[in-house]
Amino acid sequence: MTGQRAEKPVLRVLGGEAVWPPPVWLMRQAGRYLPEYRKLREKAGNFIALCTTPPLATEVTLQPVRRFGMDAAILFSDILILPWALGQKLRFAEGEGPRLERIDGLAGLEALDPAALRQGTEPVMETVSRVRAELPPETTLIGFAGSPFTVACYMIDGRGGDFPLTREVAYADPALLAAVIETVTTATIDYLSWQIEAGADCVMLFDSWAGLLPPDLFRAHVIHPTARIVEQLRVRHPGVKVIGFPRLGGLMTLPYIADTGVDAVGMDTSVDPVALARLAPRRVAFQGNLDPLLLRAGGISLGQAVERMARGLAGHPHIFNLGHGIVPDTPPEHVAAVIERLRSLEPGELEESALAAT
Ligand code: CP3
């Protein structure tokens with residue numbers, strides 16, 4: 001198993017190796033900016049159907065890999081499929097984003113059914129196996145879940161925004177937030193474990209809203225559950241690689257790296273990668289962090305930023321990516337240009353690394 005896996009550039013980086021040029025995939029690489037996605041999305045009717053119909057989800061996962069030759073495919077699904085599979089009502093309102101039936105007390109949480117998770121997520125596992133069978137051997141398949149805090153934000157507030165209800169519950173009813181996070185943490189360990197068994201090479205935890213929390217709550221609701229997930233996944237799947245993405249975590253990114261055990265940290269757009277590389281232990285790989293809006297804008301400054309970012313981190317294990325997801329009106333040609341620029345970087349540029357100077 002590991003012999004073949006170890007050849008994949010993304011897995012080599014996750015194992016702590018600096019690879020040149022850095023392997024690349026992009027958050028939300030499947031999605032509305034691709035005409036072939038929009039076509040299948042229409043065919044599926046609604047977004048949940050697209051996520052839970054394995055032939056369609058497989059096709060959507062593979063589209064950006066075929067078009068751009070990405071080094072990794074990320075399973076096409078959504079972080080909210082997990083609470084949906086536990087029984088929480090979910091819909092994606094057209095043009096408005098997700099809506100969940102809010103959990104406003106322990107009774108609401110207890111109405112969910114952890115035993116339903118396996119059956120509810122069976123289509124996701126089938127998608128993972130199908131994608132695995134179709135991917136080129138050098139392409140890494142990334143499974144994923146939301147981190148417990150970010151999933152809890154949607155479960156408690158019922159919708160995106162700045163999550164006023166969840167942030168109030170953190171202080172006014174800490175037992176409720178703790179219980180929601182406990183339920184999601186336990187479910188996430190199983191959910192990611194099944195994805196690995198179905199054929200995911202590694203997994204990523206999206207903590208898009210981690211940066212909302214002050215340091216003590218960040219430790220309790222971000223670092224602690226993430227550490228538990230990482231630890232349990234390693235018990236079940238020794239050596240499995242985990243990427244964490246504590247978006248807008250600021251300085252808390254350092255204890256996150258030190259205390260969660262993740263193999264790689266996703267950097268949001270605000271992070272200075274070279275500054276972080278000087279502060280973080282070298283064993284942790286980096287992933288990121290081009291501004292998605294620069295990707296949309298394109299032009300000379302896009303190419304320059306790609307080169308500067310890759311060179312700045314040369315010598316450090318780095319997977320090239322965005323600081324957040326691709327925005328829907330991004331021209332696909334800009335994505336192609338990024339990949340081409342990265343792959344045409346001259347060898348030997350490790351010496352020009354900003355890190356080498358330190
Ligand atoms: O290509 C990939 O990156 C894989 C698929 C993926 C989706 N969502 C597909 C999606 C992944 C990894 C996610 C993660 C996700 N979902 C996060 C964490 C990352 C982040 O963006 O911060 C969050 C917070 C969600 C919840 C969610 N799903 C929101 C807020 C929305 C609405 C915003 C939007 O872009 O419409 C979604 C919908 C969603 N998830 C779409 C896609 C392709 C758009 C749905 C459509 O086609 O109508």
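If you're wondering where the values come from, they're calculated on a predicted model, not measured in any experiment. Whatever order the structure lists them in is the order used to number ligands and atoms, beginning at 1. Only heavy atoms go into these numbers, but all of them, side chains included; no hydrogens, no water, no symmetry mates.
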Can you report which non-hydrogen protein atom sits closest to atom 3 (O) of ligand 1, along with the distance?
Arg28 N, 2.7 Å
Please determine whether any non-hydrogen atom of Phe245 lies less than 4.0 Å from an atom of ligand 1.
no
Non-hydrogen atom of Thr150 closer than 4.0 Å to ligand 1:
no
Does Gly325 come within less than 4.0 angstrom of ligand 1, counting non-hydrogen atoms of the residue?
no
Can you classify the ring geometry of Tyr33 versus Phe68 as parallel (below 30°), tilted (30 to 60°) or perpendicular (above 60°)?
parallel
Where ligand 1 meets Arg41 - atom numbers and elements under 4.0 angstrom, heavy-atom basis
46 (C), 47 (O), 48 (O)
For Glu340, look at atom CD and say whether over 12 heavy atoms of other residues, nucleotides or ligands are found less than 6.0 Å away.
no
Tell me, which protein residue and heavy-atom name are nearest atom 31 (C) of ligand 1, and how many Å apart are they?
Pro98 CD, 3.7 Å
Does a salt bridge link Glu231 with Arg236, judged by any charged N lying under 4.0 Å from a carboxylate O?
no
Indicate yes or no: does an N/O atom of Leu80 lie under 3.5 Å from an N/O atom of ligand 1?
no
Counting C-beta onward and ignoring hydrogens, is there a side-chain heavy-atom pair between Val203 and Ile243 closer than 4.5 Å?
no
With a 4.5 Å heavy-atom cut-off, do Gln304 and Ser301 have their side chains touching?
yes
Quick note on ligand 1: atoms under 4.0 Å from a heavy atom of Ile74 include exactly 1 (O), 2 (C), 3 (O), 4 (C)
Donor on one side chain, acceptor on other, Asn289 and Thr269, under 3.5 Å
no
Are Phe286 and Phe320 close enough that their ring centers fall under 6.0 Å?
no
What part of Pro328 sits under 4.0 Å from ligand 1 if we count only heavy atoms: the side chain, the backbone, both or neither?
neither
Below 4.5 Å, heavy atoms only, C-beta onward: do Tyr154 and Pro83 meet side chain to side chain?
no
Among protein heavy atoms, which sits nearest to atom 47 (O) of ligand 1, and what does the distance come to when rounded to 0.1 Å?
Tyr37 OH, 2.5 Å
So, do Glu59 and Arg66 sit near enough that their side-chain heavy atoms are less than 4.5 Å apart?
yes
Measure from atom 15 (C) of ligand 1 to every heavy atom in Ile48, Ile79, Val60 and give the option owning the shortest one.
Ile79
Taking atom types as modelled and ignoring hydrogens, do the side chains of Thr140 and Asp201 form a donor-acceptor contact shorter than 3.5 angstrom?
no
Begin from the C-alpha positions of Phe149 and Trp209 and carry the test ring-ring contact (aromatic ring centres under 6.0 Å, His included) through to its verdict.
CA-CA 8 Å; Phe149 175 67; Trp209 301 105; 9.3 Å; no
Can you find a side-chain donor-acceptor pair between Trp194 and Glu122 that sits under 3.5 Å?
no
Which ligand 1 atoms, with their elements, are less than 4.0 angstrom from a heavy-atom of Ser77?
5 (C), 6 (C), 7 (C), 8 (N), 9 (C)
May I ask you to list the atoms of ligand 1 that are less than 4.0 angstrom from any heavy atom of Phe206?
12 (C), 18 (C), 19 (C)
Taking a cutoff of less than 4.0 Å between a non-hydrogen atom of the residue and any ligand atom, is Arg247 in contact with ligand 1?
no
Among all the protein's non-hydrogen atoms, which is closest to atom 24 (C) of ligand 1, and how far away is it?
Tyr154 OH, 3.3 Å
Name the closest protein heavy atom to atom 34 (C) of ligand 1, giving the residue it belongs to and the distance to 0.1 Å.
Arg32 NH2, 3.0 Å
Has Thr53 got a side-chain atom pairing as donor or acceptor with Leu50's backbone, closer than 3.5 angstrom?
no
Using a 4.0 Å heavy-atom cut-off, say whether Leu50 meets ligand 1 through its side chain, its backbone, both or neither.
neither
Closest to atom 26 (C) of ligand 1 (judged by heavy-atom distance), picking from Thr61, Asp78, Val151, Leu26
Asp78
If you have a sec, work out which protein heavy atom is nearest atom 10 (C) of ligand 1 and how many Å separate them, to one decimal?
Phe47 CZ, 3.3 Å
Does the N or O separation between Gln29 and ligand 1 drop below 3.5 Å for any pair?
yes
Has His224 got more than 12 heavy atoms of other residues, nucleotides or ligands less than 6.0 Å from its NE2?
no
Students should be able to answer this: which protein heavy-atom is nearest to atom 18 (C) of ligand 1, and at what distance?
Ser208 OG, 3.1 Å
Using distance alone, determine whether His324 and ligand 1 share an N or O pair under 3.5 Å.
yes
Considering only the protein, which heavy-atom contact is closest to atom 38 (C) of ligand 1, and what is its distance?
Phe92 CE2, 3.5 Å
